[in-house]
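Ligands are counted one by one from 1 in listed order, and the atoms in each one are counted from 1 as well.
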Amino acid sequence: LDSSPPETLVDGSALVARSLARAGVQHMFGVVGIPVTAVATRAVAFGVHFLAFHNEQSAGYAASAYGYLTGRPGVFLTVSGPGCVHGLAGLSNAATNTWPAVMISGSCDQADFGKGDFQELDQMAAVKPFVKHAAKATHVTQIPRLVREVLGVAVAGRPGGCYLDLPADVLHQTIPESEAARVLSEAENPRFQEIRYEGSLDIEKAVSLLRHAERPLIVFGKGAAFARAENSLKKLIETTGIPFLPTPMGKGLMPDTHALAATAARSLAIGHCDVALVVGARLNWLLHFGEPPRWSKDVKFILVDISKEEIDLRKPYLGLVGDARRVLDLINEEVKDDPFCLGRSHPWVQAISKKEKENVAKMEAQLAKEVVPFNFFTPMRIIRDAILAEGSPAPILVSEGANTMDVGRAVLVQNEPRTRLDAGTWGTMGVGLGYCIAAAVASPGRLVVAVEGDSGFGFSAMEVETLVRYQLTVVVIVFNNGGVYGGDRRSADEITGPYKSDPAPTSFVPGAAYHTLMEAFGGKGYLVGTPQELKSALAESFSARKPAVINVIVDPYAGAESGRLQHKN
Ligand code: ADP
């Protein structure tokens, strides 16, 4: 008779938790419920910091931004069926921004699928349009391997979203500890090592194009930020003296205040450059597709991107497929052998610098006026100065809204890399609170400042409770102008039809007390309407480094419809 004690059994939930912990996952975002509650509690037991949200959508947004900020996939957990559907928002946001994220969802029991089970959905089919890779565990022993697989694929090559489907019965299956240990260690034979996606790199040609250009420009985006290419970029820009233009989230890779910045001379820079080196930024709507009339029809593009498909799509004059930092290092090496520098007196550099100075002066004149009731500029200037006064490390800025984001992009200054998170490539509104939570956990102790329109804030406002629960260093500033683009601004003759007593579709309750939402959970709320009130709320909340909402009352007539995208509405 065998008298040894029976071996401990390990269930699927515990195996997920152990697999994540062993793969180095430090944080997981999500919403618990059937059948994944035990995944979260076990993950915590194995040392994964679980951030519990109110809505999977925000958790997914958090995971995607976490992936961007840390370079490691952001992981989020959802319940089955509707939870998975809410999570698609996060997955799609990761896909469109090319950020690494992994959604892990519970799903209904395999044996009951097709019979109308609780929260039944073909989740593999649902996620398909939004992922690089989706995997489903049909047996508990597959879990460790599949966890590694989705984490690896999410960051390999062009980053993106991956999905892991865990049926309830698989989470409940058990295996003996010895077998669990075996499948865990087998999964660690790295099948998905970092893959170097690199085509043939004609570095010499790239450098020759830049060297012989009359009006060269270096454009960089959030792909360069993801690649941590800031030092290589700085070296190239400063040795060659070529002016540069960041995309909105590229802002900060080079200081906005740098002498070669063309941010405030954007139209001139893109309209007149003859060679543009574009690093980690797509020639999509944000860059006017690289086409006339915004760009010159003769511009020669040199595109640097990790994705060969991206280069094939744009058909640039020269494509360099590879990691931004590595390609820039190779370019720097090539330049070093035969250095060139435009110099301050170069006509192109002078033209850009003159335009930049003129436009900056115009903006400063606008910002110098103290307008009360607030327009968008007066509070934005006060916020800019308060953020700059924080010094280094600079606060991470989260920005969304139409007018609030547009004005913020022009006014707020980014001097450090990866300090700006906004609505991004997809123009996603509602990302703000999730991004704040991601930024705060990715950089513990660092101040996170969200500058949000009231509409953007409203999408995920309940997550202020999450800020309080985890005591995150986040100050949310709400530009409250009473609606989407503004309050109810219709003239009497526009108000017709059977529902004419309804408020305008663009409007919210005027003067909403958003600050009390934060107070409801024990955080700090401020209601401000004057420069002095705003300054003191910022000073107090920034130094407290505790969750706060500053409700800034803005003139409901101040904002333009659709911000700067009126032609698309
Ligand atoms: P932005 O919004 O700043 O213009 P995009 O999101 O349009 O930037 O473009 C980012 C690009 O960067 C994507 O095409 C993506 O494939 C690319 N990319 C991602 N990681 C890297 C990397 N490590 N090196 C080079 N390019 C990268």
Side-chain angles (χ1 to χ4, degrees), residues 64-65 67-74 92-101 132 153-161 194-199 201 203 206 217-233 236 244-254 256 263 266 269-270 276-290 294-295 301-316 318-331 397 399-400 405 409 414 417-428 431 435:
S64 64
Y68 171 63
L69 291 171
T70 63
R72 299 188 305 273
S92 56
N93 192 58
T96 308
N97 286 307
T98 73
W99 290 349
K132 289 172 79 176
V153 175
V155 280
R158 176 184 251 181
E194 198 161 315
I195 306 165
R196 267 252 155 98
Y197 286 83
E198 215 165 79
L201 294 174
I203 300 292
L217 180 69
I218 298 177
V219 179
F220 47 84
K222 60 183 177 305
F226 182 78
R228 276 137 183 88
E230 52 270 20
N231 294 335
S232 316
L233 206 48
L236 179 64
F244 67 84
L245 179 72
T247 67
M249 277 198 245
K251 259 160 76 76
L253 277 179
M254 291 291 293
D256 275 343
T263 317
R266 188 173 188 272
I270 66 175
L277 172 67
V278 180
V279 187
R282 283 167 283 183
L283 292 176
N284 58 14
W285 66 279
L286 278 159
L287 287 172
H288 317 288
F289 311 110
R294 301 300 293 271
W295 294 82
F301 283 110
I302 307 168
L303 292 194
V304 178
D305 203 292
I306 196 88
S307 159
K308 183 171 180 306
E309 296 84 79
E310 182 62 25
I311 306 269
D312 292 346
L313 172 72
R314 309 291 172 187
K315 301 188 182 51
L318 178 64
L320 303 172
V321 180
D323 174 71
R325 190 169 60 181
R326 173 160 158 75
V327 173
L328 287 170
D329 286 344
L330 292 172
I331 292 179
L397 172 77
S399 179
E400 64 177 329
M405 189 169 68
R409 189 171 54 247
Q414 248 71 50
R418 294 168 295 281
T419 52
R420 182 184 168 87
L421 294 167
D422 65 23
T425 308
W426 228 17
T428 318
V431 290
Y435 284 6

With the side chain counted from C-beta on, respond yes when [X] and [Y] share a heavy-atom pair under 4.5 Å apart, and no when they do not.
X	Y	answer
Q414	M249	no
L69	L421	yes
P246	L253	no
R282	K222	yes

(request) With sequence neighbours excluded, tell me which residues meet side-chain hydrogen bond (donor to acceptor under 3.5 Å, both in side chains) with R72. (result)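 side-chain hydrogen bond (donor to acceptor under 3.5 Å, both in side chains) check on R72 returns Q26, Y66.
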
(request) Supply the atom-to-atom distance W99 CH2 to T70 OG1, rounded to the nearest 0.5 angstrom. (result) 11.5 Å

(request) Using heavy atoms and a cut-off under 4.0 Å, could you grab the residues that are in contact with ligand 1, chain by chain, numbers ascending? (result) T98, R158, P159, G221, K222, G223, F226, A227, T247, G280, A281, R282, N284, L286, D305, I306, S307, E310, G322, D323, A324, T425

